[in-house]
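The structure appears right after this line, and notes come after that.
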Amino acid sequence: NLFSRDPVSGAENWTYTDRLILHPTVTVADGRVIFLESRNTSALNGSSRILPMASLAANNGIWMVALDLATGNKLWEFQRSITGGTPCIYGSQGGGKYLVTGSNSTDGKYYLHAYDAATGTVSWSANHAWRTGHHAGHQQHPVILNGLVYQEPKVYNLATGALTATTMPTRNACSTFVGVKNGLIHRGDQTTHYGRDGSQYGGNISIWNPATNTRSHWNRMRPSCWISTVPGDGCVLVQDGAAGCSCGPWYETTIALSPN
């Protein structure tokens with residue numbers, strides 16, 4: 001189910017139900033809620049909700065749906081054929097576009113599908129190879145920032161799909177990029193290795209400015225193996241997520257970065 005509640009009273013505004021919603025594709029922007037859902041009856045009637053993309057997409061099962069945020073009324077819907085989805089699929093919304101990014105284990109590529117958020121019509125599509133097939137190289141989440149789409153290791157124009165750059169900063173081990181106003185935060189290269197044999201690493205908290213291609217970094221302070229960096233109100237909060245990871249010595253601490 002997908003539902004909306006009043007933030008003050010908690011009263012229910014609306015509920016959308018009866019379909020299998022792909023949770024990583026749910027987005028909210030400009031008064032619209034857009035997502036992908038499966039209408040494959042076999043998947044819908046089955047007992048498991050841990051389903052591969054092939055099961056969700058069978059029998060033309062994938063649909064793209066837009067709802068009015070205030071009322072829950074359906075604005076538009078289209079049946080879609082999406083390349084990718086195993087191991088992951090994401091939805092993103094910004095700049096008047098709804099972007100679906102599918103990671104495809106069959107050929108080791110990311111497939112990007114962009115649609116007009118107001119009408120649901122196709123805008124553009126592109127694909128490129130993963131940088132790596134391990135340590136989250138095949139699970140990178142796209143970032144929409146200042147009219148561009150950053151999908152490691154390439155950058156596309158959000159409006160047209162034109163390729164604007166073919167390189168992004170190297171990540172150290174796992175995690176993915178997080179966008180701020182004028183940069184991307186990631187788990188960057190560590191300039192010094194530690195440990196008895198000098199080979200241990202953990203990466204560091206890095207902020208990359210694409211306009212100047214410069215980076216700030218804090219050695220031996222790292223985000224988790226996924227998304228533990230939260231930017232907001234001019235600050236950056238990074239929760240420690242090192243438990244269970246064996247990537248070397250670091251300061252196991254939660255930090256907050258604030259402007260001077």
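For reference, positions follow the sequence shown, starting with 1.
- Atom NZ of residue K181 and atom CG of residue L145 lie 11.0 Å apart, to the nearest 0.5 angstrom.
- Using a 4.5 Å cut-off on side-chain heavy atoms (C-beta onward), L67 and L75 make no contact.
- Taking 4.5 Å as the limit, every side-chain heavy atom of L148 sits out of range of all side-chain heavy atoms of Y156.
- R32 places no side-chain N or O within 3.5 Å of a backbone atom of L69 that could act as its donor or acceptor partner.
- Taking the six-membered ring where tryptophan is involved, the planes of Y150 and W208 are perpendicular, since the angle between them exceeds 60° and thus also 30°.
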Test I207 against W218 for side chain to side chain contact (heavy atoms under 4.5 Å, CB included), laying out the working first. CA-CA 9 Å; I207 302 180; W218 293 263; 4.0 Å; yes

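- Contact detail for W124 and N157: the closest heavy-atom pair is CZ2-O, 3.8 Å.
- Linking Ile, Leu, Val, Met, Phe, Trp and Tyr residues whenever their side-chain heavy atoms come within less than 4.5 Å leaves L184 and L257 in two separate clusters.
- Contacts of D68 classified as side chain to side chain donor-acceptor pair (under 3.5 Å), with partners at least two apart in sequence or in another chain: T71.
- Considering every non-hydrogen atom in both V100 and L36, the closest pair reads CG1-CD1, 4.0 Å.
- Closest approach of R215 to T170, counting heavy atoms only: NH1-O, 3.9 Å.
- Annotation: ring-ring contact (aromatic ring centres under 6.0 Å, His included) contacts of W14 (sequence neighbours excluded): none.
- Within a 6.0 Å sphere centred on CD of Q239, heavy atoms belonging to other residues, nucleotides or ligands number 12 at most.
- L158 and V122 fall into different hydrophobic clusters, where Ile, Leu, Val, Met, Phe, Trp and Tyr are joined by side-chain heavy atoms under 4.5 Å apart, directly or via other members.
- Nearest heavy atoms, C174 versus C225: CB-O, 3.5 Å.
- Using a 4.5 Å heavy-atom threshold, the side chains of F177 and Q140 count as touching.
- Separating the OG1 atom in T166 from the NZ atom in K154 is a distance of 6.5 Å, to the nearest 0.5 Å.
- Proximity of R39 to L44: side-chain heavy atoms (C-beta onward) are nowhere separated by under 4.5 Å.
- Ring to ring, Y98 and F35 are not that close: their centroids are 6.0 angstrom or more apart.
- Under the rule for a side chain to side chain donor-acceptor pair (under 3.5 Å), R19 has no partner lying at least two apart in sequence or in another chain.
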L56 vs I62, side chain to side chain contact (heavy atoms under 4.5 Å, CB included): CA-CA, chis, key distance, verdict: CA-CA 7 Å; L56 295 168; I62 296 298; 4.2 Å; yes

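- Judged as a side chain to side chain donor-acceptor pair (under 3.5 Å), and not counting sequence neighbours, the contacts of T121 are T119.
- Between the D233 side chain and the C235 main chain, no donor and acceptor come within less than 3.5 Å of each other.
- In this structure, the side chain of R171 engages the main chain of H135 through a donor-acceptor pair within 3.5 Å.
- Put simply, CD on E152 and OH on Y110 are 6.5 Å apart, with the number rounded to the nearest 0.5 Å.
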Assess the residue pair V178 and H186 against the criterion (side chain to side chain contact (heavy atoms under 4.5 Å, CB included)); give the C-alpha distance rounded to whole Å, side-chain angles, the decisive distance to 0.1 Å, and a yes or no. CA-CA 6 Å; V178 176; H186 62 107; over 6 Å; no

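- Side chains of T15 and T17: a donor-acceptor N/O pair is absent below 3.5 angstrom, by distance only.
- Between H217 and I205, every side-chain heavy-atom pair lies at or beyond the 4.5 Å cut-off.
- The shortest side-chain heavy-atom distance between S123 and D116 falls under the 4.5 Å cut-off.
- Residues I21 and V26 have side chains in contact (heavy-atom distance under 4.5 Å, counting atoms from C-beta outward).
- L163 and L112 fall within a single hydrophobic cluster, where Ile, Leu, Val, Met, Phe, Trp and Tyr side chains are chained together by heavy-atom contacts under 4.5 Å.
- P210 and G183 make their closest contact through CD-CA, 3.8 Å (heavy atoms, listed as atom of the first residue, atom of the second, distance).
- At distances below 3.5 Å, not a single donor-acceptor pair connects side-chain atoms of N59 with backbone N or O atoms of G61.
- Here the closest non-hydrogen pair linking P142 and Q151 is CB-OE1, 3.0 Å.
- Summarising the geometry, atom CE belonging to M168 is positioned 7.0 Å from atom CZ belonging to R131; distances are rounded to the nearest 0.5 Å.
- By the criterion of side-chain heavy atoms lying less than 4.5 angstrom apart, applied directly or through intervening Ile, Leu, Val, Met, Phe, Trp or Tyr residues, L99 is not grouped with W76; the two fall into different hydrophobic clusters.
- L22 and Y115 fall within the same hydrophobic cluster, where Ile, Leu, Val, Met, Phe, Trp and Tyr residues are linked whenever their side-chain heavy atoms come under 4.5 Å apart, directly or through other members.
- For S55, the side chain to side chain donor-acceptor pair (under 3.5 Å) test picks out no residue, with sequence neighbours left out.
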List the steps, then state whether side chain to side chain contact (heavy atoms under 4.5 Å, CB included) holds for T229 with V236. CA-CA 7 Å; T229 303; V236 177; 3.6 Å; yes

What donor-acceptor contacts under 3.5 angstrom involve side-chain atoms of residues 78-93, with partners at least two apart or in another chain?
residue : atom : partner : partner atom : Å
R80     : NH2  : G120    : O            : 2.2
Y90     : OH   : Q139    : O            : 2.8
Q93     : NE2  : T27     : OG1          : 2.7

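- Taking CG from N45 and CG from L20, the interatomic distance works out to 9.0 Å, rounded to the nearest 0.5 Å.
- Distance check: R187 CZ to N204 CG gives 9.5 Å after rounding to the nearest 0.5 Å.
- In this structure, the side chains of T253 and I255 come closer than 4.5 Å at one or more pairs of heavy atoms.
- When atom types are taken as modelled, the side chain of S103 and the backbone of H138 share a donor-acceptor pair closer than 3.5 angstrom.
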